[in-house]
Amino acid sequence: MSDFPDDMPFFGDPAAPRAQAGGTGAPEGIAARALKARGGAPNYLQGLNPEQRLAVETTEGPVLVLAGAGTGKTRVLTARIAHILSQGLAYPSQILAVTFTNRAAREMKERIGVLVGGAVEGMPWLGTFHSIGVKILRRHAELAGLRSDFTILDTDDVIRLIKQLIQVEGLDDKRWPARTFANMIDGWKNKGLAPSEIPEGDARAFADGRGRKLYQAYQDRLKTLNACDFGDLLCHPIRILRANPDILREYNARFKYILVDEYQDTNTAQYMWLRLLAQRPETARSPSSPAGPSPRTRGEGSSVNVDAPLSPSLRGEGKGEGQSSTINICCVGDDDQSIYGWRGAEVDNILRFDKDFPGAAVIRLERNYRSTAHILGAASHLIAHNEGRLGKTLFTDAANADDDKVHVHAAWDSEEEARAVGETIEQAQRKGHLLNNMAILVRASFQMREFEDRFVTLGLNYRVIGGPRFYERLEIRDAMAYFRVVAQPADDLAFERIVNTPKRGLGEAAIRQVHDYARARDIPMLAAATDLVATEELKPKPRSALKQVVDNFNRWHSLLDSKPHTELAEMILDESGYTAIWQNDRTAEAPGRLENLKELIRSMEEYESLRGFLEHVALVMDAEKNEDLDAVNIMTLHSAKGLEFETVFLPGWEEGLFPHQRSLDEGGRSGLEEERRLAYVGLTRAKKNLHIWFVSNRRIHGMWQSTIPSRFLEELPEAHVEVSESGNSYGGYGQSRFDRADPFQNNYSTPGWQRAQANRSEATRSNWGSRSGANVERIGYGETDSGFGAGRGSVKGRMIDGELVAKSVSDTPSAFKPGDRVFHTKFGNGNVASIDGNKLTIDFDRAGQKRVLDNFVQRV
DNA sequence: CGCGCAAGAGAGCGT
DNA sequence: CTCTTGCGCG
């Protein structure tokens, strides 16, 4: 079986196209089409600035393109591929182009198609690290102890599996949460570490020193399940390539050109993977030991020890016949946009590029085509507070006196923040702006809800990108579990999920029996079930129920290759009784769930087979968004990278949320710098209008807490920022018509408010101004931002980790007693009903019972 | 065994 | 405040 139509020519290509401009070996059609597209002059070069053009045309040798935000990075990448193709330097199938997100891969494919005119036939190696990893792994699955139809587990499956292992070990799963261990494994795999290779300290840190054993047990279980996790999609190929020089050589000969997007986000495993693939064919040789050398650990040395050292670069040597003698790798990235350190990304990879690839050409793209001078100025000034940058200076010609400065708004609480943003959006809409051109970028996804609620009330269209995902819905996961077992009968996790859905009288006892039988013999549960129903071991009722399940799966499985997969899928859902569950369900959400199941079947039509579909879901996990609908985009800052919008809203700029407390706790100074890069990413998404918000009160874990403004606000340059009245126009700060329903709100002369102000200015040492009259007047810069260079010293002093951080929970016991009469600025007067640490339950006279933090109320 | 309610824990970002 | 887990009953 071949899932990959391009497999055929893979190792049996005709002679490689000659590496000569306009070489006669060029694949027919593409070059001709590209040239034809605009009267002989390649259209893909048109409109490129000199640096961009250099980045496109420097095809030979290692190239690092440092591309600042909005400098046309994607354009360069796509033009470069178009150039390589149309110059006949390589076949499409000889180009390895790696991105981080499926979105980026899709976009590149489309844009290359436009550039070379028509569909890009066969760019089989353009994709994400993981999709290409899967492809390699399926080809050589047996070398990793898997069959080529292996399943890719998602995070949920992984956690359930680990939980089982922890219980088997007899460990307390409360004390040793599966989620924590899943994260640890992920971290190891990000570094390419097998169980035998993890640091002793790490191994000891979990489960009383049983970390290594558990990791090994996890890998063993994956093998039995014929499954792998996300990390394995990279780690398995690395091991396979290391242990099999012949295979490595084939790939090395295969890939004439390598392109990597978002290079600053590569982790150690991805780096090792690239280094292996980016070797010259003739230098690939066998590893010194079967296991391969130990991978680099953080901070050690300056290069990764891959088996075959790279031979000295022969850059500029001119193109030889047949194959180039240089490593034609082009990495594009921006150290200022490195925001995945927590996922194991090593900015070091990009900082070290010219040492890894001697003689590398480094090209800087600094001309920004996206944002106004104010936005760019604000972003540049903010990011200048980071140390250890490669240092780029973005500039733009687009200085326009009419451009708005960056707006900073204050709101009383997150509800008002959502209201005011909604107001601003509606105003813009009335002026004719499309909602599609606006985005709300949040730090944490829980912030989204408030906006969603508000927009529903307003009847304002919105879409959540990367939010609660289609494939994570209950009914979809159930249906997928059925399909997974049919496609890959060893998938126990899927089997366990649906063996008793719908209810078949197979309770915990029966399932345990199957489970134990399977574990004892190291076979999949479906196989165990098949055995068990032939014996007398089960009670009659579960036995016949289980027999029916087994028979069903066998029958469905036998139809896998003969029946069209969408029909088969419908058949499975009907015959299993799964559809009936929701048909008989009279609750409000049942019709929606049935609709989702139909949508699921519909979306399968685009794929060739059930397995192809399952793989897509495992790797992509997001449903295509409806571009036809005009809607505001809501997403996290992380998923906004690479996008741009006319108008951008950045809510929640408060200490503890942004920068996020956990980044500071776990990452210290570098954690703070990563948060700052995230802020930079957020700012640079905006083309014309940028609105930043912070609130004084935010609800966390259902409890109101007072907050202080983010330090990042103070790092914005005064010249480009304007502190605005709140987004509405209803009588000043915070008092919109929507507030009337709540008579307790917004009394700035109250003790609580005064106290909040006192806390605030103490904590930030800034002059945010008492807002007793109306609005924040101005942002103070006195000691911080006297300029890029000069500012840094004082900034450094101010930036001691954690110094300014809002504490989420107070250490000091509450000074309140039950029965105390208190005042709360939002809810009014009330009596303390009970106390739990610093959390008070208060019966308010008019607002009812609420739980609040004690530092949020005032004794009266 | 299955359902329902109560208590307890818990929300950072994602291929 | 919201979701998951655990326990007790029918």
Side-chain angles (χ1 to χ4, degrees), chain A residues 98-105 127-134 152-156 158-160 163 173-174 177 179 182-183 186 189-190 229-234 262 265-267 269-270 338-345 414 441-450 453 465-469 472 474 500-512 539 541-542 545 616-622 635-641 652 656-667 671 674-675 677-679 681-682 698-704 808-809 836 839 849-852:
Chain A
V98 205
T99 65
F100 269 81
T101 64
N102 292 287
R103 191 183 61 215
T128 62
F129 274 103
H130 290 87
S131 68
I132 293 171
V134 152
I152 304 161
L153 300 184
D154 65 25
T155 317
D156 240 55
V158 167
I159 288 172
R160 275 193 295 148
K163 194 163 196 172
D173 59 0
K174 290 256 166 34
R179 177 173 291 279
N183 286 334
D186 203 44
K189 290 190 176 177
N190 284 337
D229 62 20
F230 262 93
D232 286 339
L233 299 181
L234 289 168
E262 308 281 13
D265 286 332
T266 46
N267 62 36
Q270 286 158 341
S338 162
I339 55 174
Y340 284 103
W342 53 275
R343 214 170 65 184
S414 46
L441 311 182
V442 297
R443 175 63 181 85
S445 50
F446 74 83
Q447 293 172 261
M448 292 179 181
R449 184 183 222 111
E450 215 124 28
D453 288 349
I465 295 177
R469 299 170 186 194
E472 282 170 11
L474 175 88
N500 198 33
T501 307
K503 301 273 181 274
R504 303 181 172 99
L506 292 166
E508 201 193 330
I511 294 171
R512 176 142 301 277
K539 295 203 174 77
K541 244 176 144 178
H616 168 80
V617 173
L619 288 175
V620 178
M621 288 298 284
D622 61 16
M635 71 194 86
T636 63
L637 285 161
H638 280 90
S639 51
K641 192 162 70 151
L657 178 60
F658 193 33
H660 200 279
Q661 189 60 51
R662 284 182 64 177
S663 287
L664 301 171
D665 292 347
E666 292 162 19
E674 182 154 312
E675 293 286 302
R677 290 193 292 269
L678 195 52
V681 167
R698 193 169 286 280
R699 195 166 37 194
I700 292 172
H701 278 47
M703 265 176 319
W704 288 98
S808 54
V809 180
D836 172 18
K839 300 168 194 124
Q849 195 178 73
K850 304 273 181 197
R851 277 167 52 92
V852 297

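Just the heavy atoms: all of them, side chains too, but no hydrogens, waters or symmetry mates, feed the values below. In what follows, every chain begins at residue 1, and chains take the letters A, B, ... in the order their sequences are listed. Everything numeric here is computed off the predicted structure, so don't read it as measured data.
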For C:dG6 versus B:dA11, give the span between their P atoms, rounded off to a whole number of Å. 15 Å
Nearest whole angstrom, please: distance from the [atom2] of [N] to the [atom1] of [X].
X      : N      : atom1 : atom2 : result
A:L153 : B:dT15 : CG    : P     : 17 Å
A:L619 : B:dT15 : CG    : P     : 11 Å
A:M703 : C:dT2  : CE    : C1'   : 13 Å
A:D229 : B:dT15 : CG    : C1'   : 12 Å
A:R160 : C:dT4  : CZ    : P     : 13 Å

Stems with DNA chain B, 3 or more Watson-Crick or G-U pairs in a row (under 3.5 Å), are B:1-10 with C:1-10
Can you confirm whether A:N183 sits close enough to A:W342 that some side-chain heavy atom of one is under 4.5 Å from a side-chain heavy atom of the other? no
Within-4.5 Å side-chain heavy-atom neighbours: A:L619 and A:T128: no
Partner residues of A:S663 under the side-chain hydrogen bond (donor to acceptor under 3.5 Å, both in side chains) criterion, sequence neighbours left out: A:E675
Excluding sequence neighbours, so at least two apart, what forms side-chain hydrogen bond (donor to acceptor under 3.5 Å, both in side chains) with A:R662? A:E666
State which residues pass side-chain contact (heavy atoms from CB on, under 4.5 Å) with [X]; sequence neighbours excluded, sorted by chain then number.
X      : result
A:N190 : A:D186, A:N267
A:P177 : A:T180
A:S639 : A:M635, A:T636
A:R699 : A:E415, A:E450, A:W704

Partners meeting ring pair (Phe, Tyr, Trp, His ring centres under 6.0 Å) with A:H130 (sequence neighbours left out): A:F230
Starting from the 5' end of DNA chain B, give me the residue, A:A510 or A:H130, whose nearest nucleotide shows up first. A:A510
For each nucleotide in nucleotides 4-14 of chain B, reading 5' to 3', give B when a protein heavy atom comes within less than 4.0 Å of its base, S when such contact involves only the sugar-phosphate, and - otherwise. ------BBBBB
Evaluate whether the aromatic ring of A:F129 and the six-membered ring of the B:dT15 base sit under 5.5 Å apart, centre to centre, with an inclination under 30°. no
